[in-house]
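Shown next, in structure tokens, is the structure this report addresses.
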There are 2 protein chains.
Amino acid sequence: MDSATAREQALDAAESLFYGRGIQSVGMDDIRGASGVSLKRLYQLFPAKEQLVEAYLERRDVRWRGRLAEYVERQADPERRILAVFDWLEEWFGEADFRGCAWINSYGELGARSERVAGQVRAHKRAFREYLASLVAGAGLPDALTGPLFLLAEGAMVTAGITGSARPAAEAREAARSLLAVR
Amino acid sequence: MDSATAREQALDAAESLFYGRGIQSVGMDDIRGASGVSLKRLYQLFPAKEQLVEAYLERRDVRWRGRLAEYVERQADPERRILAVFDWLEEWFGEADFRGCAWINSYGELGARSERVAGQVRAHKRAFREYLASLVAGAGLPDALTGPLFLLAEGAMVTAGITGSARPAAEAREAARSLLAVR
DNA sequence: ACCGTAGGAGAACGCTCGTTCTCACGTCAA
DNA sequence: TTGACGTGAGAACGAGCGTTCTCCTACGGT
């Protein structure tokens with residue numbers, strides 16, 4: 001197995017375990033067991049657990065925002081695109097392994113202790129907010145709408161995570177629709 | 001020192017440490033050091049750490065909702081009361097030791113592993129949502145407003161926690177004002 | 001065939017931490 | 001005074017886990 005595939009398999013295992021069970025409760029040995037990558041190799045690829053955590057969050061960030069953008073950009077109408085964000089959230093919340101927002105959860109777990117993790121969470125949220133801002137601008141709507149839309153989305157993520165229901169996405173979408181209607 | 005005061009001091013220390021640094025990174029010995037309550041006594045009062053965690057969350061829940069209600073009920077006008085929730089959030093976010101919502105953080109840390117903690121988080125959020133519902137009903141507004149207001153508040157809490165800024169409260173309040181204006 | 005190197009399995013090390021135990025002290029009832 | 005008891009300080013125990021080390025195997029180049 002070459003380094004690139006070992007790295008991918010390690011990250012696959014890390015993502016499913018860290019996201020599903022939390023970061024602190026998953027040991028490097030669990031990653032080894034789930035990935036088939038030996039401890040020696042793991043430590044060659046990621047000199048410490050924290051770097052594996054960072055790589056996990058980074059790869060997930062790229063994929064998460066990519067999936068969202070791909071979904072949203074299927075819509076041609078600029079205002080529909082904004083609402084499509086909430087449709088996508090609803091799909092995501094309904095996935096079998098959904099356990100809330102990985103960054104919000106990681107922040108709760110490590111935000112107070114790891115400045116690097118906290119920084120990645122802030123960067124991810126900033127990027128998501130800027131993406132929303134670009135959709136708002138693309139629809140010719142006032143930038144002041146971005147904040148409320150972002151808060152609705154964050155509220156939906158955290159609530160869906162805690163309750164395990166996809167319903168907050170629909171509530172947030174309807175609220176967003178009202179806000180868009182006000183102008 | 002009698003049992004009641006020992007218990008209070010233990011909970012005071014637990015609250016400031018758990019909330020400030022996260023639950024898993026605070027040891028029972030840290031609680032002992034900060035509270036002056038010996039380990040023996042701590043284990044008499046709380047037979048295991050998890051029960052101290054539960055007692056911390058429970059006492060904080062009562063106090064948090066009490067402080068909110070006390071603030072909100074200073075307003076006579078029923079619609080003002082709804083907006084006062086967001087004013088109170090802004091005050092809370094501005095406190096020096098503010099580190100986000102204790103329940104959201106705890107859920108990120110332990111929600112996947114401790115069903116009891118997860119249950120307390122759900123109960124707290126349900127109670128907060130029901131309080132909002134009572135304010136909405138008191139203002140004679142449609143119950144469908146409760147969900148959006150709740151999501152705005154949750155989004156503000158999580159965003160304020162991550163960014164360390166009180167601004168999300170103002171954004172949420174303005175969005176709430178728009179939603180109330182729509183009817 | 002031989003050697004050097006990389007890699008795997010898993011033991012070992014060191015630290016943290018939840019929990020319990022030891023021991024010495026002070027208190028209070030008889 | 002004495003002895004049973006509760007308590008505090010802190011050592012001790014045992015488990016978990018991040019990280020490193022040992023030892024053995026396999027393979028690639030000469």
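Keep in mind it's a predicted model, so treat the numbers as computed, not measured. The chains referred to below are lettered A, B, ... by the order of the sequence lines, with proteins before strands, and numbering in each begins at 1. Atoms considered below: every heavy atom in the structure, side chains included; atoms not considered: hydrogens, waters and symmetry mates.
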Rounding to a whole Å, what distance do you find between [X]:[atom1] and [N]:[atom2]?
X: L42(B); N: dT20(C); atom1: CG; atom2: C1'; value: 14 Å
X: D29(B); N: dA11(D); atom1: CG; atom2: P; value: 10 Å
X: F46(A); N: dT19(D); atom1: CZ; atom2: P; value: 13 Å
X: R32(A); N: dG18(D); atom1: CZ; atom2: P; value: 12 Å
X: L45(A); N: dT20(D); atom1: CG; atom2: P; value: 14 Å
X: Q9(A); N: dG8(C); atom1: CD; atom2: P; value: 11 Å
X: I23(A); N: dG16(D); atom1: CD1; atom2: P; value: 21 Å
X: I31(A); N: dG8(C); atom1: CD1; atom2: P; value: 16 Å

> Which comes earlier along DNA chain D counting from the 5' end, the contact point of D30(A) or that of V37(B), where each point is its nearest nucleotide?
Replying inline: V37(B)
>> Any side-chain to backbone donor/acceptor pair from Q9(B) onto V37(B)? Under 3.5 Å, distance only.
In response: no
>> Strictly distance-based, threshold 3.5 Å: is any side-chain N or O of N105(B) a donor or acceptor partner for the main-chain N or O of I23(B)?
In response: no
Counting side-chain heavy atoms from C-beta on, which of [options] comes nearest to [X]?
X: Y43(A); options: dG8(C), dA11(D), dT19(D); result: dT19(D)
X: K40(A); options: dT19(D), dC23(D), dG8(D); result: dC23(D)
X: R41(B); options: dT19(D), dA11(D), dG8(D); result: dG8(D)
X: L39(B); options: dG18(C), dT22(C), dT20(C); result: dT20(C)

> Closer than 4.0 Å, any side-chain N/O of Q44(B) to the OP1 or OP2 of dT7(D)?
Replying inline: yes
> With distance as the sole criterion, is a donor-acceptor pair present between the side chains of R113(A) and Q24(A) under 3.5 Å?
Replying inline: yes
>> Is the ring pair F128(A)/F150(A) parallel, tilted or perpendicular, if the boundaries are 30 and 60 degrees?
In response: tilted
When all nucleic acid strands are considered with a 4.0 Å heavy-atom cut-off, which category describes [X]: base, sugar-phosphate, or nothing?
X: K49(B); answer: sugar-phosphate
X: V26(B); answer: sugar-phosphate
X: Q24(B); answer: nothing

>> Could you check whether R60(A) makes a cation-pi contact with Y19(A), meaning its NZ or CZ is under 6.0 Å from the centre of the six-membered ring and within 45° of the ring axis?
In response: yes
